[in-house]
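In what follows, a structure is listed as structure tokens, so that the remarks can point back to it.
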Number of protein chains: 2
Amino acid sequence: MKPTIYDVAEKAGVSIATVSKVINNTGKIGAETKENVLQVMNDINYYPSMLASAMMGKRTNTIGLLVPDIANPFFAELARSIEDTGQEKGYNVVICNTDNNPEKEIQYLEWLKQKSTDGVVIATGVQKEETFKELIKENIPFALISRNLSSIPVDTVLLDDYLGGYQAGAHLILTGCRNAICLTLNVKTSSEKERLRGFKKALLDHEITYNEEYTISCDGTIENSTNVINDFLKVNKNIDAIFALNDMIAIGAVNGARSFGYNIPEDISIIGFDNTILATISHPPLTSIAQPIEDMGSQVIHLLVETIEGKKQSKKQVILSP
Amino acid sequence: MKPTIYDVAEKAGVSIATVSKVINNTGKIGAETKENVLQVMNDINYYPSMLASAMMGKRTNTIGLLVPDIANPFFAELARSIEDTGQEKGYNVVICNTDNNPEKEIQYLEWLKQKSTDGVVIATGVQKEETFKELIKENIPFALISRNLSSIPVDTVLLDDYLGGYQAGAHLILTGCRNAICLTLNVKTSSEKERLRGFKKALLDHEITYNEEYTISCDGTIENSTNVINDFLKVNKNIDAIFALNDMIAIGAVNGARSFGYNIPEDISIIGFDNTILATISHPPLTSIAQPIEDMGSQVIHLLVETIEGKKQSKKQVILSP
DNA sequence: GTGAAAGCGCTAACAA
DNA sequence: TTGTTAGCGCTTTCAC
């Protein structure tokens, strides 16, 4: 049987209140008593139950992380940074793969609530505003990363997606491309829309007209994006560039273009977004708009933990540059 | 204030015992009463506190996952599978990045214990046998994945690493290589040793002698493995193959060989291990010994959950083929 | 079928 | 400085 605070108290010949005080370093306790209690705790291999202390209103020191898919390197790298910063600050993180499925999101959120998770980081795509309202109503701290919610003030860490999109467009033009297409996801978050908007603006600024039909979408997997691009190239002959809205589908675009017979970058230029490990290992290296993933992860945790620990009331929005 | 079971009881005009029974579907309750209670729970937006029920001896439905680094695609893909299976069975998973650092492992294990985590999956490398003994002593269910512990019977899901190593060796020989080197990690787990053993056996079976000095190690990062390979090739001229013990360092080996001026696979063959997303996107595609990652993840959870839920006493060892 | 009451392990007044 | 005690929200006998 796992020892309890009573066991410690008994063996140390003190009351449980005293033990509690030495555990939490609160109140006043004599150096000797403290020493003794610590000794006993160590002797009988005691560790406090977080469940019990959480029941008394203390934190669970756990935060939830909602991502579409942890196997996607962008989110894996983000999760790493979030977990690192969390651990520094004493929090554990629970991963929740939502596949951008609203039902799974709701389910996870429900679980996290039941477990009295202290807060949640949301990096997931689709989501009804309803869900956020509810979190706010229930007073559950949460922070968004990589997605925007303009209607309600919430803690947010964002990339300047518009600028990123613009950079992608400008880069492609610089390399001489005139007939670019965009490969996006079926489900578009605010981030994707912004990237697209920036991209179009870049073309516009260089007096290149963008054909709206050149915005094609895929489900986000490498296979699907490969096929989509391959199919598209079959019917549209003079494409000379692809702007893929993330690295995963950029790799798909590379595959698709290659299987179509194009050489990269001779026949067609491809630019990705995120600059994950995928971009760095691809050969030739994939040009990709870099997101400061590590920084983003650590910033959300800082924001979130501050509100969890009540050190700040107002909501902040942090915007980082690509 | 978050509603409690008392609020439900009061509004429904019943006792908390009755409410508890409808929540848990235990005991006997009249259809009408049940209906009514359910209605009230819904009305006031009640959800039970897992903390409180866990305190009464119920499970927390949380399991910990110890990995060296979730940003490494192999572990990310594994985590995805583990989380998926966990969620199917009603468990949340807490990620713990240990960096193979024994101190961090201990720390995480301590946290998980304090939080009454139901069990833990260990995919981390270095670890003292001590740690396992303690888990067993404290009666905490745990399962190992991708690493072996021969001295104590524990639930384990393993790849047949020896066979994988053998296959790698055989493949390299088949493609005509005669001077292969092995790129391993500084910290060697049982898996790595087995892979190496299998590899050497393959060479032996083909009457090729393996030079022990051709086993070089790196810290596991792409950068480091790139450098290590580059440096090694500078002084050892006639190497025609590299067996990298995982995909991460295989990519590094590819980079290193390329930066040295070698063409792949013309000048040198490189074979990896794991067959993660890295291998599939590398160009030309990296040959890699495939681990059935998804299957492995789901199997550990099955093993672990069975012991958590007391459905099995004996420890099982599942060995999958590469 | 339903309810009263005794805890689970801990924290935090309040007393002593 | 230390101890007594009343909960936190829930489950679970055991009566009714």
Side-chain angles (χ1 to χ4, degrees), chain A residues 1-38 40-41 44-62 110-118 138-139, chain B residues 1-38 40-41 44-62 110-118 138-139:
Chain A
M1 207 45 211
K2 175 182 173 321
T4 74
I5 201 172
Y6 285 95
D7 299 317
V8 180
E10 190 178 348
K11 303 240 190 234
V14 295
S15 76
I16 60 163
T18 304
V19 177
S20 177
K21 277 168 197 149
V22 350
I23 293 173
N24 301 291
N25 253 303
T26 52
K28 303 256 158 245
I29 11 103
E32 207 170 315
T33 325
K34 182 171 179 177
E35 186 71 12
N36 182 231
V37 170
L38 252 16
V40 173
M41 294 200 320
I44 68 176
N45 215 329
Y46 166 83
Y47 53 91
S49 156
M50 271 221 156
L51 293 182
S53 65
M55 271 210 67
M56 293 302 298
K58 294 222 158 180
R59 287 178 211 114
T60 53
N61 285 291
T62 306
E110 190 69 20
W111 278 8
L112 296 174
K113 269 159 43 180
Q114 292 182 191
K115 293 187 181 175
S116 307
T117 304
D118 295 327
E138 304 210 34
N139 213 5
Chain B
M1 208 42 212
K2 174 183 175 318
T4 73
I5 201 171
Y6 284 95
D7 300 316
V8 179
E10 189 178 350
K11 304 241 189 229
V14 296
S15 77
I16 60 163
T18 305
V19 178
S20 177
K21 276 167 197 148
V22 350
I23 294 173
N24 300 293
N25 253 305
T26 52
K28 301 256 158 248
I29 12 103
E32 206 170 315
T33 325
K34 181 172 179 178
E35 185 73 11
N36 182 231
V37 170
L38 251 17
V40 172
M41 295 201 317
I44 68 175
N45 214 329
Y46 167 83
Y47 54 91
S49 157
M50 271 220 156
L51 293 183
S53 65
M55 270 209 66
M56 292 301 299
K58 293 218 159 182
R59 286 178 210 114
T60 53
N61 285 291
T62 306
E110 189 70 19
W111 278 9
L112 295 174
K113 269 160 42 180
Q114 292 183 192
K115 294 188 181 176
S116 307
T117 303
D118 295 327
E138 304 210 33
N139 212 7

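Every chain is numbered from 1 and lettered A, B, ... according to where its sequence line falls, protein lines coming before strand lines. All values reported here derive from a predicted model rather than from experimental measurement.
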Are [X] and [N] close enough that a side-chain N or O sits under 4.0 Å from OP1 or OP2?
X	N	answer
A/Y6	D/dG3	no
B/S49	D/dC10	no
B/Y47	D/dG9	no
A/S15	D/dG3	yes

Let me know the distance between [atom1] of [X] and [atom2] of [N], rounded to the nearest Å.
X	N	atom1	atom2	answer
B/I23	C/dG3	CD1	C1'	15 Å
B/K115	C/dC10	NZ	C1'	17 Å
B/M55	C/dG7	CE	C1'	9 Å
B/I5	D/dG7	CD1	P	18 Å
A/Q114	D/dG9	CD	P	15 Å
A/L51	D/dT11	CG	P	14 Å
A/E10	D/dG3	CD	P	13 Å
B/K34	C/dG3	NZ	C1'	19 Å

- Message: Testing the basics here: between B/Y46 and B/I5, what is the closest heavy-atom pair and its distance to 0.1 Å?
- Response: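 Minimum heavy-atom contact is CE1-N, 3.6 Å.
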- Message: Is the terminal nitrogen or CZ of A/K2 (NZ for Lys, CZ for Arg) located under 6.0 angstrom from the six-membered ring centre of A/Y47 and within 45° of that ring's axis?
- Response: yes
- Query: Is it the case that A/K113 places NZ or CZ above or below the six-membered ring of A/W111, under 6.0 angstrom from the centre and within 45 degrees of the axis?
  - Reply: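 Output no; distance or angle outside limits.
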- Task: For B/G30, report the nucleic acid contact type (base, sugar-phosphate, nothing); a contact means any heavy atom under 4.0 Å.
- Result: sugar-phosphate
- Message: By the 4.0 Å heavy-atom rule, please label A/V14 as base, sugar-phosphate, or nothing.
- Response: sugar-phosphate
- B/V8 side chain reached by B/P3 side chain, heavy atoms, under 4.5 Å: no
Measure from the side chain of [X], starting at C-beta and using heavy atoms only, and say which of [options] lies closest.
X	options	result
A/A52	C/dG9, D/dT2, D/dT11	C/dG9
B/S53	D/dG3, C/dT2, D/dC10	D/dC10
A/M1	C/dG9, C/dC10, D/dC10	C/dG9

- In this structure, CG of A/N139 is separated from CE of B/M1 (nearest 0.5 Å) by 10.5 Å
- Are the side chain of A/D118 and the backbone N or O of A/R59 linked by a donor-acceptor pair below 3.5 Å? no
Interface polar pairs with nucleotides 12-14 of chain D, N/O, under 3.5 angstrom:
none

- Polar contact flag, side-chain donor to acceptor under 3.5 angstrom, B/K115-A/T62: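 There is such a pair between these side chains.
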